[in-house]
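Values below: every heavy atom of this structure, side chains too, minus hydrogens, waters and symmetry copies.
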Amino acid sequence: SNSPYLLTLDVAKSRRKGYYRDDKFLSDIGKNVRRIRIAKGLTQMELAFLCNDTDYSQINRIERGKVNFSVSYLHLISQALEVSPEDLLS
């Protein structure tokens, strides 16, 4: 039928894209994480350990801009690197 409700659902479905991801932004954050990590003399494994991770793969993916990680994880990385979250975002 031509119910306004069904039309609204169709429009909402057509606009849905899944989750939001900004590859350039993630890449820029990753470069900042890598730059600061290296300046502090840490390996990816050491940074992962400071973030309570069991291996370095998440840090590696973040530095390469390959993962859309949480704000909480950004905060954890900033604490491990002893910088503000803003330092990783700028």
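Side-chain contact between V83 and L88 is present, with at least one heavy-atom pair separated by less than 4.5 Å. Residues R35 and V33 form no side-chain contact, since every pair of their non-hydrogen atoms from C-beta on lies 4.5 Å or further apart. Residues E63 and K31 have side chains not in contact (no heavy-atom distance under 4.5 Å, counting atoms from C-beta outward). Contact of the L26 side chain with the F69 side chain is registered, since non-hydrogen atoms from C-beta on lie closer than 4.5 Å. Residues D87 and S78 form no side-chain contact, since every pair of their non-hydrogen atoms from C-beta on lies 4.5 Å or further apart.
Taking CD of E86 as the start and CG of L74 as the end, the distance is 9.0 Å to the nearest 0.5 Å. The CD atom of Q79 lies 9.0 Å from the SG atom of C51; values are rounded to the nearest 0.5 Å. Note that the CG atom of L76 and the CG atom of L81 stand 9.5 Å from one another [nearest 0.5 Å]. With rounding to the nearest 0.5 angstrom, the CG atom of N52 is 8.5 Å from the OH atom of Y73.
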For L42 and L50, run side chain to side chain contact (heavy atoms under 4.5 Å, CB included): C-alpha distance rounded to whole Å, both residues' side-chain angles, the deciding distance at 0.1 Å, then the answer. CA-CA 10 Å; L42 295 171; L50 292 172; 4.0 Å; yes
What's the verdict on side chain to side chain contact (heavy atoms under 4.5 Å, CB included) for I38 and R34, showing C-alpha distance, side-chain angles and the deciding distance? CA-CA 6 Å; I38 290 171; R34 179 176 169 78; 3.7 Å; yes
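For the pair R21 and G65, the tightest heavy-atom approach, listed with the atom from each and the gap, is NH2-O, 3.4 Å. Here the closest heavy-atom approach between residue M45 and residue D55 is recorded as SD-CA, 4.3 Å.
No more than 12 heavy atoms of other residues, nucleotides or ligands sit less than 6.0 Å from atom OH of Y56. For CZ of F49, the number of neighbouring non-hydrogen atoms (other residues, nucleotides, ligands) closer than 6.0 Å is 12 at most.
Looking at S27, its side chain never comes within 3.5 Å of a backbone N or O of D23 through a donor-acceptor pair. Of the possible donor and acceptor atoms, one in the side chain of E46 sits under 3.5 Å from a partner among the backbone N and O of T43.
Partners of F25 by side chain to side chain contact (heavy atoms under 4.5 Å, CB included), not counting sequence neighbours, listed by chain and number: D22, I29, L89. For R61, the side chain to side chain contact (heavy atoms under 4.5 Å, CB included) partners at least two apart in sequence or on another chain are S57, Q58, R64, K66, V67. By the salt bridge (Lys or Arg N to Asp or Glu O under 4.0 Å) test, D28 is found to be paired with K24, residues two or more places apart in sequence or in another chain being considered.
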